[in-house]
S.K.: 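Can you read through this structure? Questions will come right after.
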There are 2 protein chains.
Amino acid sequence: MPTDDPRLETVHLLRAATVELGLHSARFAQRNGMHPTDVRALIVLMDARRATEEVTAGRLGAALGLNSAGTTALVDRLERAGHVRRVRGATDRRKVVVEVDERAVELGQAFFGPLIGRVTGLLDGYDERERAAIRGFLEGVRRAAAEAG
Amino acid sequence: MPTDDPRLETVHLLRAATVELGLHSARFAQRNGMHPTDVRALIVLMDARRATEEVTAGRLGAALGLNSAGTTALVDRLERAGHVRRVRGATDRRKVVVEVDERAVELGQAFFGPLIGRVTGLLDGYDERERAAIRGFLEGVRRAAAEAG
DNA sequence: CGATATTATCTCGCTCGGCGAGAGAATAGC
DNA sequence: GCTATTCTCTCGCCGAGCGAGATAATATCG
């Protein structure tokens with residue numbers, strides 16, 4: 001077992017960073033009386049909002065790996081907390097479009113904004129070739145995780 | 001709101017990579033009849049093992065943010081599955097040292113080894129200056145997440 | 001156009017992870 | 001030695017998520 005492969009240091013750093021990012025999300029969740037799944041749901045919804053895509057209950061559940069019962073309970077929680085609205089689909093009235101409330105968006109930006117600012121600030125310390133390496137590495141990691149196992 | 005800051009692409013990639021890594025861990029959990037917390041616990045235990053540090057039940061629970069009741073239940077699950085042994089503390093017999101079973105270590109290596117291999121393989125595509133940038137960025141992200149909020 | 005299959009969500013009953021409170025057992029301090 | 005502290009465990013409970021199936025709206029086909 002070659003435990004002193006210097007490349008493993010980077011793997012360690014990668015995992016440490018993801019762990020710390022996860023803890024940061026958990027702090028956001030706990031501070032707002034939410035559960036990790038609720039935070040993940042809000043992220044999905046905000047991403048979709050930025051891309052001006054509608055997210056139905058079913059799509060949301062699929063994105064989070066929940067079944068329909070769990071998805072209903074999730075949207076119930078978010079709606080009860082005022083983070084989200086249920087809107088019946090215009091063309092297909094079986095569908096329920098889940099819309100994030102403006103306040104929830106601001107809440108998320110207020111919490112994650114500083115972290116995002118620090119990360120973008122980090123990037124200013126590198127030249128374009130280094131930044132390209134960072135982007136390429138992250139994309140490679142994403143693909144490796146998606147394709148492995 | 002400057003939504004087209006090019007540095008945000010890297011933030012997006014970072015999040016996409018962490019999401020995908022999380023899903024990969026979740027696959028390991030599900031495939032072995034475990035829960036996300038159990039996987040996190042095994043990672044803590046394996047890290048400690050590599051550093052030849054003893055992990056008591058209390059330390060494990062603290063690392064995962066569980067209270068004592070949840071920690072007991074967690075160790076019960078892991079012990080029942082054969083991934084872990086309870087060993088009474090030698091000097092302080094109130095303590096319970098949690099030791100990972102060799103089989104669990106091998107199980108983890110078999111699952112995460114390929115991914116680690118792919119990530120280290122990625123690094124070979126960069127020169128030392130680029131690799132240093134990647135390491136620096138990851139360390140910076142870890143610190144930013146740990147210190148923010 | 002009406003009967004049937006399909007799709008999207010919701011309801012019900014349940015399992016089980018995690019919490020709070022407090023008990024039990026061992027150690028440390030005076 | 002007696003008391004306070006520390007570490008783990010037990011008990012009862014809450015709530016997230018699942019499986020099965022109900023309900024309602026749409027699509028399909030004769």
Side-chain angles (χ1 to χ4, degrees), chain A residues 22-23 25-45 48 53-81 83-99, chain B residues 22-23 25-45 48 53-81 83-99:
Chain A
L23 290 175
S25 280
R27 280 193 292 273
F28 175 72
Q30 192 159 13
R31 204 168 297 184
N32 295 92
M34 300 167 69
H35 298 265
T37 300
D38 304 47
V39 178
R40 290 172 56 208
L42 285 183
I43 289 173
V44 169
L45 292 171
E53 288 171 354
E54 288 192 338
V55 177
T56 64
R59 287 181 65 83
L60 178 61
L64 301 177
L66 299 181
N67 76 355
S68 65
T71 303
T72 297
L74 166 68
V75 179
D76 282 352
R77 284 199 303 277
L78 293 174
E79 193 172 43
R80 211 178 306 130
H83 296 318
V84 132
R85 284 182 302 278
R86 273 182 167 91
V87 180
R88 275 288 162 189
T91 67
D92 186 341
R93 270 187 305 221
R94 290 169 304 182
K95 293 182 179 176
V96 167
V97 177
V98 183
E99 292 179 352
Chain B
L23 290 175
S25 280
R27 281 194 290 275
F28 175 71
Q30 192 159 14
R31 204 168 296 184
N32 294 93
M34 300 168 69
H35 299 265
T37 299
D38 304 47
V39 179
R40 290 171 56 209
L42 285 183
I43 289 173
V44 168
L45 292 171
E53 289 171 355
E54 287 193 339
V55 178
T56 64
R59 288 182 64 84
L60 178 61
L64 301 177
L66 299 181
N67 75 356
S68 64
T71 303
T72 297
L74 166 68
V75 178
D76 283 351
R77 284 199 303 276
L78 293 175
E79 192 172 44
R80 209 178 307 128
H83 297 317
V84 133
R85 285 182 302 278
R86 273 182 166 91
V87 180
R88 275 287 163 191
T91 66
D92 185 341
R93 269 188 304 222
R94 291 169 303 181
K95 293 182 180 176
V96 167
V97 176
V98 183
E99 291 181 352

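Chain letters run A, B, ... following the sequence lines, proteins first and then strands; every chain starts at 1.
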S.K.: From the options B:L42, B:I43, B:T37, select the one residue that forms a side-chain contact (heavy atoms from CB on, under 4.5 Å) with B:V39.
M.R.: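 With B:V39 as partner, side-chain contact (heavy atoms from CB on, under 4.5 Å) holds for just one option, B:I43.
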S.K.: Return the value, rounded to whole Å, for the distance between atom CG of B:D38 and atom P of C:dG17.
M.R.: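 Those two atoms, CG and P, are 7 Å apart.
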S.K.: Quick check: closest heavy atoms across A:G89 and A:V97, and the distance to 0.1 Å?
M.R.: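 In this case the closest contact between A:G89 and A:V97 is CA-CG2, 4.3 Å.
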S.K.: To the nearest 0.5 Å, tell me how far A:R77 CZ sits from A:T72 OG1.
M.R.: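 Answer for the CZ-OG1 pair, A:R77 versus A:T72, is 11.0 Å.
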S.K.: Out of C:dG18, D:dT26, C:dT9, which has the shortest distance to the side chain of B:R77?
M.R.: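 Between C:dG18, D:dT26, C:dT9, the one nearest the side chain of B:R77 would be C:dG18.
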S.K.: Provide, to the nearest angstrom, the distance between the CZ atom belonging to A:R88 and the P atom belonging to C:dA8.
M.R.: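 Rounded to whole Å, this separation is 12 Å.
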S.K.: Check the distance between C:dT6's C1' and A:K95's NZ and give it to me in whole angstrom.
M.R.: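 Answer to the nearest Å: 13 Å.
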S.K.: Using modelled atom types and a 3.5 Å cut-off, is there a donor and acceptor pairing between side-chain atoms of A:E79 and backbone atoms of A:R86?
M.R.: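 Yes, the answer is positive, given that a donor and an acceptor are paired below the 3.5 Å cut-off.
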S.K.: How do A:A90 and A:H35 order along DNA chain D: which one's closest nucleotide is nearer the 5' end?
M.R.: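 The residue closer to the strand's 5' end, by nearest nucleotide, is A:H35.
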S.K.: In whole angstroms, how far is the P atom of C:dG17 from the CD atom of B:Q30?
M.R.: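 These atoms are roughly 14 Å apart.
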S.K.: Would you compute the distance between atom CG of A:L74 and atom CG of A:L78 and round it to the nearest 0.5 angstrom?
M.R.: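 If we round to the nearest 0.5 Å, A:L74:CG and A:L78:CG are 4.5 Å apart.
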S.K.: What is the distance, rounded to the nearest whole Å, between atom CG of B:L78 and atom P of C:dG18?
M.R.: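 The distance from CG of B:L78 to P of C:dG18 comes to 10 Å, rounded to the nearest Å.
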S.K.: Identify all side-chain donor-acceptor contacts of residues 56-68 of chain B below 3.5 Å with residues at least two apart in sequence or on another chain.
M.R.:
{"from": "B:T56", "atom 1": "OG1", "to": "B:R59", "atom 2": "N", "distance (Å)": "3.2"}
{"from": "B:N67", "atom 1": "OD1", "to": "B:A69", "atom 2": "N", "distance (Å)": "3.2"}
{"from": "B:N67", "atom 1": "OD1", "to": "B:G70", "atom 2": "N", "distance (Å)": "2.9"}

S.K.: Would you jot down, in residue-number order, the residues of residues 56-63 of chain B having a non-hydrogen atom under 4.0 Å from DNA chain D?
M.R.: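 Heavy-atom contacts with DNA chain D come from B:T56, B:A57, B:G58.
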S.K.: Looking at C:dT27, C:dC10, C:dT9, which one has an atom nearest to any side-chain atom of A:R86?
M.R.: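 Selected nucleotide: C:dC10.
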S.K.: Looking at CE of A:M34 and NE2 of A:H83, how far apart are the two atoms once the value is rounded to the nearest 0.5 Å?
M.R.: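 Reported value, rounded in 0.5 Å steps: 4.5 Å.
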S.K.: In whole angstrom, give the distance that lies between atom CG of A:L74 and atom P of D:dG15.
M.R.: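 Distance check: A:L74 CG to D:dG15 P gives 16 Å.
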S.K.: Just N and O in the side chain of B:T37: are any of them under 4.0 Å from OP1 or OP2 of C:dG18?
M.R.: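 Yes, within the criterion.
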S.K.: Give the rounded distance in Å between these two atoms: CG of A:D76 and P of C:dC10.
M.R.: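 Those two atoms, CG and P, are 7 Å apart.
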S.K.: Do B:R40 and B:V44 have side-chain heavy atoms sitting under 4.5 Å apart?
M.R.: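 No, too far: nothing below the 4.5 Å cut-off.
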S.K.: Name the pairs: protein N/O against N/O of nucleotides 19-25 of chain C, kept only if under 3.5 Å.
M.R.:
{"from": "C:dC19", "atom 1": "OP2", "to": "B:N67", "atom 2": "N", "distance (Å)": "3.0"}
{"from": "C:dC19", "atom 1": "OP2", "to": "B:N67", "atom 2": "OD1", "distance (Å)": "3.3"}
{"from": "C:dG20", "atom 1": "N7", "to": "B:N67", "atom 2": "ND2", "distance (Å)": "3.2"}

S.K.: Looking at B:R88 and B:R93, would you say the former's side chain and the latter's main chain have a donor-acceptor pair under 3.5 Å?
M.R.: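 Side chain of B:R88 to backbone of B:R93: a pair is present.
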S.K.: Could you state the CD-P distance from A:E54 to C:dT9, rounded to the nearest angstrom?
M.R.: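 So the CD-P distance, A:E54 to C:dT9, works out to 12 Å.
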